[in-house]
Amino acid sequence: MPGVHPARAALAARLRAAGSVFAEDEADLLLDAGDGDPVRLRGLVQRRLAGEPLEVVLGWAAFDGHRVRVVPGVFVPRTRTTVVVEHAARRLQRYDRVVDLCCGVGAVSVALLGRVGALDLVAADIDPDAVDVAAENIGDRGIVVLGDLFDPLPERFRGAVDVLAVNAPYVPTGAVATMPTEARDHERRVALDGGADGLDVHRRIAVGAGEWLRPGGAVVIEVSAEQAAVSAAAFTAAGFAVSVETDDEVDGTCVVAVRPS
């Protein structure tokens with residue numbers, strides 16, 4: 001087949017034997033990243049065969065039509081999180097105030113900027129490495145701050161945020177060990193572990209979010225379909241008007257919680 005790299009079939013076979021579901025696609029990406037340098041390619045392939053996430057090996061992850069930089073140890077953006085982007089973007093206009101809470105590498109921020117345009121945006125995370133990468137990905141289009149949930153947010157955002165877009169950890173502590181090795185062995189536990197039932201951070205956000213949102217502002221927070229009712233109940237108890245939204249195409253679920261006007 002014209003244009004197919006001569007090493008593609010052999011590399012795809014090695015990747016498939018190591019458990020890759022999309023071996024041909026991964027082979028193409030690795031060959032492209034190798035850039036014709038056999039030594040570089042060998043190093044990339046060895047890292048992938050050793051179990052490193054493909055995105056970390058490549059140095060980037062695809063998210064909502066963008067390439068966002070990732071580095072070892074940080075949470076790798078998942079396609080299902082575009083459900084948060086979709087429902088946050090619907091509530092935003094240019095120059096609105098947005099917080100990307102538990103931002104990781106800033107993928108949600110990048111996607112919202114791409115969909116909506118210029119925003120008054122702050123991204124926050126507790127992982128210093130993630131914050132550093134988010135600052136690279138977002139550049140001068142927003143502010144990136146380090147700290148626990150609402151603690152590092154600028155005072156001018158208090159009571160004035162249009163949307164809190166959140167991908168907080170929601171894996172139950174006991175289930176972390178059953179996650180794919182790419183996640184449990186290569187992403188920091190703080191980005192995965194949500195406590196006994198997975199929703200400890202959701203409850204903290206439900207309690208604190210009202211202080212930061214404007215009347216009519218909303219939290220859009222990712223959750224699993226199985227946990228959605230419990231997360232929604234936490235926001236309802238905190239006085240929000242709540243709905244659960246799903247996107248079957250990306251297997252994504254989020255809770256949308258609106259502060260009363």
Side-chain angles (χ1 to χ4, degrees), residues 63 73-88 98-112 121-131 133-134 144-153 157 161 163-176 179 183-184 187-213 217-238 240 242-247 250-259:
F63 186 79
V74 301
F75 182 82
V76 175
R78 275 61 154 169
T79 300
R80 62 176 172 266
T81 305
T82 56
V83 71
V84 172
V85 175
E86 176 67 30
H87 287 277
V98 182
V99 175
D100 179 0
L101 203 61
C102 305
C103 70
V105 299
V108 168
S109 293
V110 171
L112 287 175
L121 182 145
V122 173
D125 201 281
I126 200 169
D127 179 352
D129 290 338
V131 164
V133 180
V144 185
V145 293
L146 173 67
D148 184 28
L149 295 184
F150 304 105
D151 289 350
L153 299 186
F157 268 44
V161 174
V163 172
L164 281 163
V166 192
N167 184 13
Y170 57 85
V171 179
T173 300
V176 173
M179 295 184 72
R184 71 172 187 266
E187 296 175 339
R188 295 195 179 94
R189 194 173 183 109
V190 70
L192 304 173
D193 191 341
D197 71 347
L199 297 176
D200 285 357
V201 183
H202 279 232
R203 294 187 184 91
R204 291 180 58 204
I205 292 168
V207 169
E211 184 178 347
W212 292 92
L213 291 169
V219 179
V220 183
I221 184 167
E222 182 178 326
V223 71
S224 73
E226 295 76 17
Q227 296 164 304
V230 178
S231 177
F235 284 94
T236 299
F240 292 87
V242 178
S243 64
V244 175
E245 307 292 344
T246 60
D247 184 338
V250 299
D251 192 28
T253 302
C254 65
V255 170
V256 178
V258 180
R259 181 187 169 189

side-chain contact (heavy atoms from CB on, under 4.5 Å) filter on A225, not counting sequence neighbours, yields T253

query: Is any side-chain heavy atom of V176 closer than 4.5 Å to a side-chain heavy atom of R189?
result: yes

Given the options V161, V144, L153, V122 meets side-chain contact (heavy atoms from CB on, under 4.5 Å) only with L153

Handout entry: Step-by-step side chain to side chain contact (heavy atoms under 4.5 Å, CB included) determination, V110 to V108
Key = CA-CA 5 Å; V110 171; V108 168; over 6 Å; no

Taken in chain and number order and not counting sequence neighbours, the residues that satisfy side-chain contact (heavy atoms from CB on, under 4.5 Å) with V83 are H87, D247, C254

Is the shortest distance from a Lys or Arg side-chain nitrogen in R188 or D193 to a carboxylate oxygen in the other one below 4.0 Å? no

Residue pairs passing the side-chain hydrogen bond (donor to acceptor under 3.5 Å, both in side chains) test with at least one member in residues 102-111, sequence neighbours excluded, are D100-S109

request  = Please check if the side chain of R78 supplies one atom and the backbone of V76 the other of a donor-acceptor pair under 3.5 Å.
outcome  = yes

Point to revise | Heavy-atom side-chain contact between L146 and I126 under 4.5 Å | key: no

Report task. Output yes when a side-chain donor or acceptor of R184 lies under 3.5 Å from a complementary backbone atom of M179, and no otherwise. Result -> yes

Q.
Could you check whether E86 pairs with R80 (Lys NZ or Arg NE/NH1/NH2 to Asp/Glu carboxylate O, under 4.0 Å)?
A. no

The salt bridge (Lys or Arg N to Asp or Glu O under 4.0 Å) partners of D151 (sequence neighbours excluded) come to none

Does the side chain to side chain contact (heavy atoms under 4.5 Å, CB included) test come out yes or no for L101 and F150, once each step is laid out?
CA-CA 8 Å; L101 203 61; F150 304 105; 3.9 Å; yes

Scan the side chains in residues 227-237 for donor-acceptor partners under 3.5 Å anywhere in the protein, sequence neighbours excluded, and list what turns up.
unit_1 : atom_1 : unit_2 : atom_2 : d
Q227   : OE1    : S224   : OG     : 2.6
Q227   : NE2    : Y170   : O      : 2.9
Q227   : NE2    : D197   : O      : 3.1
S231   : OG     : H202   : ND1    : 2.8
T236   : OG1    : A232   : O      : 3.0

* Measure the shortest side-chain to side-chain distance between V219 and V255 over non-hydrogen atoms and say whether it is less than 4.5 angstrom. => no

Applying side-chain contact (heavy atoms from CB on, under 4.5 Å) to V98 and not counting sequence neighbours gives L92, L112, L119

Sub-4.5 Å side-chain heavy-atom contact between E222 and T82: no

Problem set entry | Note, I205 side chain near I221 side chain (heavy atom, < 4.5 Å) | yes

Here the pair of heavy atoms bringing F240 nearest to A209 is CZ-CB, 3.9 Å

Exercise for the section: Check whether any side-chain heavy atom of N167 lies under 4.5 Å from a side-chain heavy atom of F75, and answer yes or no. Expected result: yes

Rounded to the nearest 0.5 angstrom, the CG-SG distance for D125 and C102 is 6.0 Å

Report task. Would you indicate whether the side-chain heavy atoms of V105 and P77 approach each other to under 4.5 Å? Result -> yes

#### Entry: Polar side-chain atom of R259 near backbone of L213 as donor-acceptor pair, under 3.5 Å
yes

Would you say the side chain of T79 lies within less than 4.5 Å of the side chain of F63, judging by non-hydrogen atoms? no

Heavy atoms of C103 and A134 approach each other most closely as SG-CB, 4.1 Å

